[in-house]
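Inspection log for the structure reproduced underneath, given as structure tokens.
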Amino acid sequence: MEFIQVTKENLEKEHICCAISNNKDVQVTSKKSWLSERFDEGLVFLKSEERGKCFIEYIPAEYAWNPIDAKGYMYIDCLWVAGSFKGHGYANELLNYCIEDSKQKGKKGLCILSCAKKKPFLSDPKFLKYKGFEPCDEADNGVQLWYLPFDKEAEPPKFKENACKGKHDNQVFYVTDELQQSQYINMFKEQGLNAVILKHPIDQPFVSRLEEAKKDMEVKFRRIDTDLADIFKEASSEDEKKTLEEDQTKLADIFKKALGVEELDVKVEKLKNADTSAMITLSEDMRRMQDMMKMYGMSQAQMGTEGQTLVLNANNVLVQYVLNNPEGEHVDMFCQQIYDLALLHIARSVQRR
């Protein structure tokens, strides 16, 4: 069997072994777009020259789209040999190529996701064990991280803390615009969190269908800029919570007066990043409702600011100045600037009244 390495130069003409075989399908074009961006990060896509599901896809673990800490390792996104290709040793050939390529690139070893018992879309643990892999970490949902070290002294890779249940309780965070949501992306990175990129029109109905299909697992998708996640907030004592409530009442009055928006919903939180003065959030349900209304031709002006919340950071110096100097000469201007900065980072322009 001869193998072909897919690159930017031949990506458009090559079949990429997806379950969907029509190159005109939006899923295929989306995957090819994703691959094109990943090649610059060192992704390798090796496939059989014959059309079918026989390929391996791997990337330096620092760029892996999974919450793992595996610096210096190569992460295998997918090793898939199916149908008539099975039983001919092609999986061995593909994996051996990955091993030799990774050694030449100075990697510590390989890592891949699997499970104690074989599950769909995860690598077969029996095959991995046969090839010398062993489990090195396990997430609360039973997914395991397996590794094949080239040096037995190499530190094993591990899951990041956010892979544990309880960090965001079966919630999947996603991004629709990397530029407009950059503030939230940076905050996620600071906390070691990941989010998937869902920027194609088909992604939104897909998310809803997936939530319905996984209803028994209570999986919920949340855009990165909706309802501020607890991971961004500092823990507060009961006394501090009372103080925040008092500050919230005072700041709400100040900002409503300065902005001339009486119905503005204001919350005060102690965010871990003190440089962030404020954020505007919109509940996931309300955001999806607005997206649907937008499809039917309703403008943002017609939808107004319903469901939006201005979240002020109690740890920010400028917010503290406004709180402590409500009658200050430039307070109205500061309030306007804080609000404008928050508006710059939401994913749709907001019509102010």
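Ile56 pairs with exactly one of Asp101, Leu79, Val44, Val81 by the side-chain contact (heavy atoms from CB on, under 4.5 Å) rule, that one being Leu79.
In summary, the side chains of Thr276 and Asn313 do not present any donor paired with an acceptor at a separation below 3.5 Å, with no hydrogens or angles considered. Side-chain contact of Glu50 with Ser48: a donor-acceptor pair under 3.5 Å is absent, judged by distance alone. A donor and an acceptor atom, one from each side chain of Asn66 and Lys160, are nowhere located under 3.5 Å apart.
A donor-acceptor pair under 3.5 Å is absent between the side-chain atoms of Ser114 and the main chain of Asp124, judged by distance alone. Side-chain atoms of Asn10 come within 3.5 Å of backbone N or O of Gln5 as a donor-acceptor pair. Side chain of Gln320 to main chain of Ala314: a donor-acceptor pair is present (N/O by atom type, distance under 3.5 Å, no hydrogens or angles).
When every heavy atom of Leu43 is checked against every heavy atom of Asp77, the shortest pair comes out as CD1-OD2, 3.8 Å. Contact between Lys241 and Ser236 at its shortest, heavy atoms only, is CE-O, 3.5 Å.
For Tyr75 and Tyr58, the ring centers are positioned 6.0 Å apart or more.
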Quick one, Phe3 with Tyr97, criterion ring-ring contact (aromatic ring centres under 6.0 Å, His included). Give me CA distance, side-chain angles, the key distance, then yes/no. CA-CA 10 Å; Phe3 295 101; Tyr97 180 93; 8.0 Å; no
Take Phe133 and Tyr147, measure what ring-ring contact (aromatic ring centres under 6.0 Å, His included) needs, and give me the verdict at the end. CA-CA 5 Å; Phe133 285 78; Tyr147 82 126; 8.4 Å; no
Candidate pair Glu240 and Lys242, rule salt bridge (charged side-chain N to carboxylate O under 4.0 Å, His left out), full reasoning: CA-CA 5 Å; Glu240 288 174 327; Lys242 290 180 180 179; over 6 Å; no
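Remark: Lys103 qualifies as a cation-pi partner of Phe150 under the 6.0 Å distance and 45° angle criteria applied to the six-membered ring.
Looking at residues two or more places apart in sequence or on another chain, you find no ring-ring contact (aromatic ring centres under 6.0 Å, His included) involving His330.
Taking the six-membered ring where the residue is Trp, Phe45 and Phe55 present parallel rings, their angle staying beneath 30° rather than reaching 60°.
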